[in-house]
Amino acid sequence: MNPEKLLNELNEVQRQAVVHTEGPLMIIAGAGSGKTRVLTYRIAWLMLHNIDPFNILALTFTNKAAREMKERIAQVVGASEAKNLWMGTFHSIFARLLRVDGHLLGYPSNFTIYDTDDSEKLIAQIVKERNLDKDIYKPKKILNRISNLKNNLIIPQYYDRFPELFEYDEAAKIPEFKNVYSAYVERCFKAGAMDFDDILLKTNELLGTFPEILAKYQDRFRYILVDEYQDTNHSQYIIVKALANKFENICVVGDDAQSIYAFRGANIRNILSFQKDYPDCKIFKLEQNYRSTQNIVKAANSLIAKNRDQLKKEVWTANEPGEKITIYKALDEAEEAQYIAERIMEWHLSRQMDFSNFAILYRTNAQSRALEEVLRRKNIPYRIFGGTSFYQRKEVKDMLAYLRLAVNPNDEEALRRVINYPARGIGQTTLDKLTILADRYNTTLWSICENALLYSRDLGSAIAQKVSDFATMIKGFGVMAKKESAWDVAEHIFKTSGLLRALKEDSTEEGISRLGNVQELLNSIKAFNDKQLELEADNDISLDYFLQEIALLTSADQDDKTDPNRVSLMTLHLAKGLEFPVVFIPGMEEELFPSAMMMNSRADLEEERRLFYVGITRAKKKLYLTFTHMRTRYGRTADCEPSRFLEEIDDEYTELIVPGIRTTGPTFLGGVPNLDGLGISRPYKSNFISSKQTLPPNFPPGIRPLQPSETPAQKLNSPSEPPPQGEFTTDAHPGDRVYHQKFGYGKVLSVEGTGVNKKASVAFDQVGEKKLLLQYAKLIKVTS
DNA sequence: ACCGTGGACGTTTTT
DNA sequence: CGTCCACGGT
Ligand SMILES: Nc1ncnc2c1ncn2[C@@H]1O[C@H](COP(=O)(O)OP(=O)(O)OP(=O)(O)O)[C@@H](O)[C@H]1O
């Protein structure tokens, strides 16, 4: 392909960024400004100018993004060349590197990758062995701290250099933390395992310790590109810096306004220090948004302007104004889901838009349940990304544990998981004995199992035999795994380990589905086999390689071969980098979004706001924001307040829809008895759902459930005067005389806030001054 | 050693 | 509400 043709699809700044191939380069790109396109074309451009793809390293946020970029590049330069690019996530690229050179650090090339579950279990085990209180040394908390430390390259040996770390531990009542950390690191090492953070940490260790290795990769990766640079952590930053140090052909692309992974160590400062690290770097700013309508872009701008910490950017678009953003108030999560499903069907039917045009983006995975239920009921095909993935199911993990053991029997977590599943008479007591023996002889659990017969005195000869038999079986699997294909090994293991038999025994519905899940895993191994043989040059169909691949799948990597015509459901985090014509963001409520955990500091709140910004800017044509009146959480329903973020969007770009009660006749306002607080639930819902008729946009909601703060005394405190005739209003002005169903008559003193959070201070004749959210208050303006 | 049940706890987000 | 773990009975 002619290089010039490539450039025609770019604007001036994009073009400059693509052709500026040498030296450090930073692209600060607004949402939807085509940074992915620049990155893609830049790589194609390099290749068209005879840069060897083997010398190009491109780090993306998901494997899927890498795959898509590769496909696009393949269209330009041909698939056989594009295949040779080093392109993938930090984790998958550097795991690959560690497979080759990790032996220098004492790791086997087939090291296991521990997932969060494995890590937490190991920590729990260590805490137990050390007789520490598991309620204080919570595995989640401990792992989180370890992860933080690793991402900042603070290994246990360095811990002593930072007295403030000990101070923190003392204050947090976990004085033993450092020892737990050390033990964790040691146990992982002995198990031949790395956790997610180790992949980056050990890469740093490798590059930092062995100059010849560093030189090797510096020479290999002459051109380095990093996508989503705002979400790289310190460990990643140091790797990139080291690799780029020789040629300085480094190009990073990012948007500080889309930094949403601080919780896992991402550091916006990496963007800021780029200029310091490379004083002669070139910086390009992309500010024209090609993705969204004017309304969406301007709404997003008005929101993000509320953040104090940000680089200055003017994102604009030449696109049409488009529709306003719809803000909808729902009764509860079921009705919210129903509203969304109805809108999807409406668009689908009236404009022949297939279901892949829609995305529902939520703050927490738990929100997907209510949505799924309604979508399923309405026969709307959907796909959920992330959440509890297939590979996290118990039965699947059990099967995987056997496979892992076949490849690396030192994998302690896998061993613990299946040594007695299915039951073979090796119970907790035995396991504890084995653990003690391993500790006593300073060896691994596996090594004790392997030589169990030598420990008959400690274990009892019957038990020792059972353990030995188990070890023999695993060794057999290991021998097979070295010679045969992943699929052959997996099938053999499934049949002979006893797993198949155990699953078959359970004929409950649950049990059948579990068997099905393991079958599905086997199918995916078969598919992997076939794919490797057909498409990949290396022909690697080993079990080893299969396990590597799946360990580093990201939530976004789900295969999209099976019927792509589906609505996408995912968290806002996972939606980064994607785009959809129509986007729904449900759960726009205080405590949920922003999350209650993120409301306590400015930095946290600003990250939530950026997350919302990311969500808004995923939409191309139309955006719906919905919030509910009440929501079930932990099985208990609670009242909700609209998210503060809703009022932070300039209301010029939004329209609020609040459905009301459809009633017949003129008796409604005066004649319907007030059931508030009497413990009688009015048949509100049926009314609600059938009331799709024309109502004024600001029609107030009907019944408000009892607020927790309402005491019985208050409930009985009804106004003595009769209610006036007139319509509910959500608007009020100082000086207005108003009527409230519970508090009676009063005078508006002042009004604050806007949109759904508009509040009025009212001096009531009977109960004194109250602050009311106008959205809920059901005030009636009295003409007098 | 195994299996059932009750109570505690948890949801923020992910490689 | 659902999951995980500890405990206790078999
Ligand atoms: N020069 C251009 N002309 C027309 N359309 C473009 C141009 N550049 C990018 N686009 C389109 O704009 C949309 C957004 O591009 P892209 O996904 O690359 O943006 P982005 O900067 O990665 O967005 P974000 O940071 O929000 O994820 C895409 O649909 C892309 O095809």
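Proteins come first, then strands; the chains are lettered A, B, ... in the order of their sequence lines, and each starts at number 1.
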Only counting residues at least two apart or in another chain, list the ones meeting side chain to side chain contact (heavy atoms under 4.5 Å, CB included) with Lys306(A).
->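 Arg609(A), Glu648(A).
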List for me each residue that meets side chain to side chain contact (heavy atoms under 4.5 Å, CB included) alongside Arg501(A), sequence neighbours excluded, and say none if there are none.
->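 Side chain to side chain contact (heavy atoms under 4.5 Å, CB included) list for Arg501(A), sorted by chain: Glu505(A).
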Would Phe645(A) and Phe593(A) count as a close aromatic pair, with their ring centres under 6.0 Å?
->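 Ring-ring flag for Phe645(A)/Phe593(A): true, centres closer than 6.0 Å.
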In residues 360-370 of chain A, which ones come under 4.0 Å of DNA chain B, going by heavy atoms?
->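 Per residue number, the list reads Arg363(A), Thr364(A), Asn365(A), Ala366(A).
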In residues 261-269 of chain A, what residues come within less than 4.0 Å of DNA chain B, judged by heavy atoms?
->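 Heavy-atom cutoff 4.0 Å gives Tyr261(A), Phe263(A), Arg264(A).
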Taking only residues two or more places apart in sequence or in another chain, which ones pass salt bridge (charged side-chain N to carboxylate O under 4.0 Å, His left out) with [X]?
| X | result |
| --- | --- |
| Glu589(A) | Arg631(A) |
| Arg369(A) | none |
| Glu205(A) | Lys202(A) |

Report the residue (Thr571(A) or Gly427(A)) whose heavy-atom-nearest nucleotide on DNA chain B is the more 5′ of the two.
->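 Nearest-nucleotide comparison on DNA chain B picks Gly427(A).
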Tyr634(A) or Gly425(A), whichever maps to the more 5' nucleotide of DNA chain B =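 Checking each residue's closest nucleotide, the 5'-ward one belongs to Gly425(A).
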Taking atom P in both dC4(C) and dT13(B), what distance in whole Å separates the two?
->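 Between the two P atoms, the distance is 15 Å.
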Boundaries of the DNA chain B segment in contact with chain A, non-hydrogen, under 4.0 Å =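 So the outermost contacting nucleotides come out as dA1(B) to dT15(B).
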For [X], report the nucleic acid contact type (base, sugar-phosphate, nothing); a contact means any heavy atom under 4.0 Å.
| X | result |
| --- | --- |
| Lys576(A) | nothing |
| Lys150(A) | nothing |
| Leu611(A) | nothing |

Restricting to pairs with a member in residues 132-148 of chain A, which pass salt bridge (Lys or Arg N to Asp or Glu O under 4.0 Å), not counting sequence neighbours?
->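 Passing the test, one end in residues 132-148 of chain A: Arg145(A)-Asp169(A).
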Where is the tightest heavy-atom contact between Ile616(A) and Ile649(A), given as atom of each residue plus distance?
->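 Looking at all heavy atoms of both residues, the shortest contact is CD1-CD1, 4.1 Å.
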Minimum heavy-atom distance Leu552(A)-Ser92(A), with the two atoms named |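 Looking at all heavy atoms of both residues, the shortest contact is CD1-CA, 3.7 Å.
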Nucleotide interval of DNA chain C bounded by contacts with chain A (heavy-atom cut-off, under 4.0 Å) |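 The contacted stretch runs from dC1(C) to dA6(C).
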Atom pairs and distances, donor-acceptor, side-chain atoms in residues 261-269 of chain A, under 3.5 Å, two or more places apart:
from, atom 1, to, atom 2, distance (Å)
Tyr261(A), OH, His573(A), O, 3.4
Asn267(A), OD1, Arg269(A), N, 3.0

Reported CD1-to-CZ distance for the pair Ile304(A) and Phe612(A), which is rounded to 0.5 angstrom =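 With rounding to 0.5 Å, CD1 (Ile304(A)) is 10.5 Å from CZ (Phe612(A)).
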List the atom pairs, with distances to 0.1 Å, where a side-chain N or O of residues 418-427 of chain A and a protein N or O form a donor-acceptor pair under 3.5 Å, not counting sequence neighbours.
from, atom 1, to, atom 2, distance (Å)
Asn420(A), OD1, Arg424(A), N, 2.7
Asn420(A), OD1, Gly425(A), N, 3.3
Asn420(A), OD1, Ile426(A), N, 3.2
Asn420(A), ND2, Ile426(A), O, 3.1
Arg424(A), NH1, Tyr402(A), OH, 3.4
Arg424(A), NH1, Val418(A), O, 2.8
Arg424(A), NH1, Ile419(A), O, 3.0
Arg424(A), NH2, Tyr402(A), OH, 2.8
Arg424(A), NH2, Ser497(A), O, 3.1

Do the ring planes of Tyr107(A) and Phe111(A) sit parallel (below 30°), tilted (30 to 60°) or perpendicular (above 60°)?
->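 It falls in the perpendicular class, over 60°.
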